[in-house]
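Have a look at the structure below before the remarks.
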Amino acid sequence: MLAVQTLVLAVLLWLAFRVLRRAAGGFSTGGVDGSGGGDKTTLSAGAAAAAAAAAAGRSPREAQLVADTWEFAAESELPPHTTAARVLILYATEYGFSKDVARRVAAALATGTTPTDGEGGAGAAVAAAAAAAFEDDPYDDDEGGAVGSGLSGLRSAVAAAASSRGGGSLPPLVPRVVNMAEWRAVRLGREGVVLVVMSTTGDGVVPSEATELKEALEMDGVGALRLDADASAGGKLPRYSVLALGDRGYPHFCRGGIIMEELLDGAIAAAMREQGEAAAAAAGAAGEPSMNGNGTAAVASTAALTARQDVDQEDWASITDWLSRTVAALSDLHRVGQLPTVVVGGNGDDDAAMDMGNHAAGSVDYLFDAIRAYAAEEGAKNEAGGSTALTHYSRNAPLMAAVVEKTTLTDPTAVVPDVDRKEVVRVVFDTTGSSLAYTAGDALGIVPHNDPATVARVLVALAADGGEEVGPTVGSGGAPASPPVAGGGLGTGVGGGGGGGGGSSSSSGASAVAPTTLREALTSAVDLKTVRAELLAALARAAHAPGQRSRAAALAASPTELATYASDREVLDALADFPSAALTPRELLKALRPLHARYYSVSSSPVTSPTAVAITVDVLRYTLRGVPRQGVASSQLADRVALGDRVGVFITANAHFRLPTDGATPIVMIGPGTGIAPFVGFLEERAARGGNGRNVLFTGCRHEQQDFLYGTKLRAAAAARTLELHAAFSRDGPAKVYVQHLMAAVADDLWELVDRARAHVYVCGDASRMAGDVHAAWLAIVRRGRECDTAAAETYMADLEKAGRYQRDVWAS
């Protein structure tokens, strides 16, 4: 324990050194605009509190939670008796981008609303904290950021919105940032303003960090708000807004954010109704008229602060628009006296009161004690061996699981055209001795590393040997580097593929290791496939040849031109296109996106394989610009991971892709190609549990002799009459035949199954074509069965989906 605490103190001292170095190097802490002067540098409230916690012998867990939560909050630095407004920012992320956005929003809110106050105080404190946090900002507007998403741009948007509404300036905002996984430390009923930054994973699934809160809101929405007595008796409920992050390549775009907004809407509306009923009862008992004269208390029509903003990937213009609207709404609330504020400042003055209508509370932020209690509770569970944290493996804290089986499912000797050649492998991981648990229908996340050969070529392009120290490196999305993985990297399946990986074998462990050398960073921290605007902007700044400089700048400034350019190029290609641009290692690293995890549908069931998880991997091999390429994770698993090697893995729950609890309920499964993956686990579980429900499967491939995945097992099940198999081999006959054609051939039977036998329908596979074609086939079946038009058929399918009987797990390829 002493060693861990020493490490935490060392990290905090390093953070302090960064702030001091920045100040000594000419960064002015006198104001958020860089004006003013002075040499006083103050650690953020989070860093200072974390240092104090560590020095007081408190747990590293508590120190880290404190540092993360109050990273940009400087309440104690505000002048005495300053009126301020606290804001809670809750985020849930799968890759790290939501966390990065949440931190930038927090920094912008703090620096954009805290007054400049000479060489010390809150203005200097939040500016210094932001400068230290985003010292190497890949989005920095002041350094020619390509997408206007640097902290200075967000801060300017906040400042403009705060001052544009009239009626007095918005008070300083004090943001606190909390990972949704730690939601039990938060009492939403004590928050005045809550901003939710929410990613979506898989086919419309909330990130694993949000699963517990989602389930709590579903089971008991009002209870999950954790209202205090005064809130339950009519105190004000939080105003909130949701920033939903997603990818339009998936059918359920931003569904994670939509789900969380709906749950919060429902919970707060229910709390409002309870308040109204309680107030009406109290008024009746006292012989007083009700608040609105008709027997119920008047309550606010909505708790939404602003409309939800759906964001496609890294669309910073939309993020900035949402932030501007949010701050404008806060200004409007403040102007009419409805923004909850506290009187703080004076280095911890405790005599202030919270101004929330008729309610008062002490100025000390309840979260300090709540975080401390939460950390202590988690620590006690750890010591007792019952910690729920042990089960929370993630991208940044994976289980290092040994590969115990690798089976090639395709026949490399089959005689097929080269263009149709496929390679698919089944990989099984041993989870014995761990707390990793899964359910049939979940996805397995793989922590990827880049191919050592690709890393070597990047080092040549940089004229580097790889041993250069680059410090603890994170990608611009905020995700720390991956732990070492045998053979390198990993990925396609749910979520698609990328390119290979490198690294050394590692024993089982749950901590991510931040790389310190350039080779390690290129191997495990950054994406060497995706060409981003930030990379072109960096090349434009570094290019010596005028033509190359202008070309790179033009590409960085035009999303349309960039999309065309990047469609057949990877990072190495971009570096070769601009040879006069000699990027430093640090410049390149901060211009690349973080290396994301890859997700694969689980191809096993915990009922039959409780200590093993299987996946089905389509090995991606392709050619770009005449050069052979390969997927990051898929080629890693196929080529560079041997039996016994350990790979970082974690489970992503997919609550929207579950077998019916009743084994007598029929199921219809549609999954061509690797879309068969989850249905292997479904069939294993249905057979093990018994039950006489019909199992109907539509699957297929290009050539029966080459890539009929799990064909032997499926034919055996069909022969045993436990499976009704419909297989389409699209390129074996004179005309292409797909699963939707086989569905049409048995349309009447499918209609009977769905409409009368109440079958559950599952679709898994490619979202770009297959999912749409299969949905169209179902619409045709419904139109025929109900003798209705397309609109009515769409309504029928939508109702089926709402009832959990039409479930899709699809991905963009």
Side-chain angles (χ1 to χ4, degrees), residues 405-417 419-429 440-441 443-444 446 491-497 598-605 608-609 612-621 631 633-635 637-638 657 667-687 695-719 722-732 736-740 742 762-767 769-771 774 809-811 813:
E405 178 188 327
K406 281 179 61 175
T407 306
T408 300
L409 300 177
T410 46
D411 184 357
T413 67
V415 180
V416 299
V419 70
D420 289 349
R421 187 69 61 189
K422 296 281 290 182
E423 181 182 355
V424 180
V425 297
R426 174 181 171 88
V427 183
V428 181
F429 298 93
L444 185 73
I446 300 292
T492 65
V494 178
R598 270 42 175 191
Y599 296 85
Y600 299 84
S601 295
V602 168
S603 299
S604 55
S605 165
T608 55
S609 303
V613 184
I615 57 176
T616 303
V617 181
D618 187 354
V619 183
L620 182 62
R621 304 191 195 278
S634 62
S635 65
L637 288 171
F657 206 74
I667 63 173
V668 179
M669 301 163 284
I670 304 153
T674 53
I676 186 69
F679 304 137
V680 175
F682 278 19
L683 291 171
E684 287 180 359
E685 184 158 322
R686 295 268 284 190
N695 301 312
V696 182
L697 172 66
F698 293 84
T699 188
C701 61
R702 293 177 178 179
H703 301 282
E704 181 178 8
Q705 297 305 314
Q706 179 202 224
D707 53 333
F708 185 20
L709 307 181
Y710 299 100
T712 301
K713 179 181 292 189
L714 297 177
R715 287 194 186 97
T722 60
L723 173 67
E724 299 172 38
L725 176 64
H726 302 266
F729 307 112
S730 62
R731 302 186 185 182
D732 279 347
K736 292 184 177 180
V737 178
Y738 298 105
V739 289
Q740 63 265 27
L742 301 186
Y762 304 89
V763 182
C764 183
D766 174 47
R769 287 285 304 274
M770 183 279 299
V774 168
D809 183 5
V810 297
W811 58 85
S813 59

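Not measured: the values here are computed from a predicted model.
Thr608 and Glu684 share a donor-acceptor pair across their side chains, judged by distance under 3.5 Å alone. With no hydrogens or angles considered, no side-chain donor-acceptor pair links Thr699 and Tyr710 at under 3.5 Å.
Using a 4.5 Å heavy-atom cutoff, the side chains of Asp618 and Leu620 are not in contact. Inter-residue side-chain proximity for Pro417 and Arg702 is flagged as unmet; no heavy-atom pair is nearer than 4.5 Å. The closest side-chain heavy-atom distance from Leu709 to Thr410 is below 4.5 Å. Within the 4.5 Å cutoff, no side-chain heavy atoms of Phe679 are placed close to those of Ile667. Between Val739 and His726 there is no side-chain heavy-atom pair separated by less than 4.5 Å. Contact annotation: the side chain of Tyr762 never approaches that of Asp809 to less than 4.5 Å [non-hydrogen atoms, C-beta and beyond]. Looking only at side-chain heavy atoms (C-beta outward), Val619 and Val425 come within less than 4.5 Å of each other. The side-chain heavy atoms of Leu637 and Ile615, taken from C-beta on, include a pair separated by under 4.5 Å.
Here the rule is side chain to side chain contact (heavy atoms under 4.5 Å, CB included) with Met669, and of Ile676, Leu697, Val763, Val696 only Leu697 fits it.
Using a distance-only test at 3.5 Å, with no hydrogens or angles considered, a donor-acceptor pair links the side chain of Gln706 to the main chain of Asp420. Of the possible polar contacts, none joining the Thr407 side chain to the Arg426 backbone as a donor-acceptor pair under 3.5 Å is found. Using modelled atom types, one side-chain atom of Asp732 and one backbone atom of Glu704 make a donor-acceptor pair closer than 3.5 Å. When atom types are taken as modelled, the side chain of Thr722 and the backbone of Ala717 share a donor-acceptor pair closer than 3.5 angstrom.
When all heavy atoms of Ser730 and Tyr738 are compared, the pair lying nearest together is CB-CE2, 3.6 Å. When all heavy atoms are compared, the tightest approach of Ala614 to Ser604 is N-OG, 3.1 Å. Scanning all heavy atoms of the two residues, the minimum distance from Cys764 to Met770 falls at O-CE, 3.4 Å. Considering all non-hydrogen atoms of both residues, Glu685 and Ala440 come closest at OE1-CB, 3.6 Å. Taking both residues in full, the closest heavy atoms of Arg621 and Ser635 are given as NH1-CB, 4.3 Å, listed atom of the first, atom of the second, then distance. In plain terms, the two heavy atoms of Val737 and Leu742 that are nearest each other are CG1-CD2, 4.1 Å.
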Checklist line | Intermediate values then yes/no, side chain to side chain contact (heavy atoms under 4.5 Å, CB included), Lys713 and Leu683 | finding: CA-CA 10 Å; Lys713 179 181 292 189; Leu683 291 171; over 6 Å; no
Next item on the list: Could you give me the CA-CA distance, side-chain angles and deciding distance for Val680 and Thr616, then say whether side chain to side chain contact (heavy atoms under 4.5 Å, CB included) is met?
Entry: CA-CA 10 Å; Val680 175; Thr616 303; 5.6 Å; no
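Rounded to the nearest 0.5 angstrom, Leu409 CG and Ser603 OG are separated by 8.5 Å.
More than 12 heavy atoms of other residues, nucleotides or ligands shown are found within 6.0 angstrom of CZ on Arg715.
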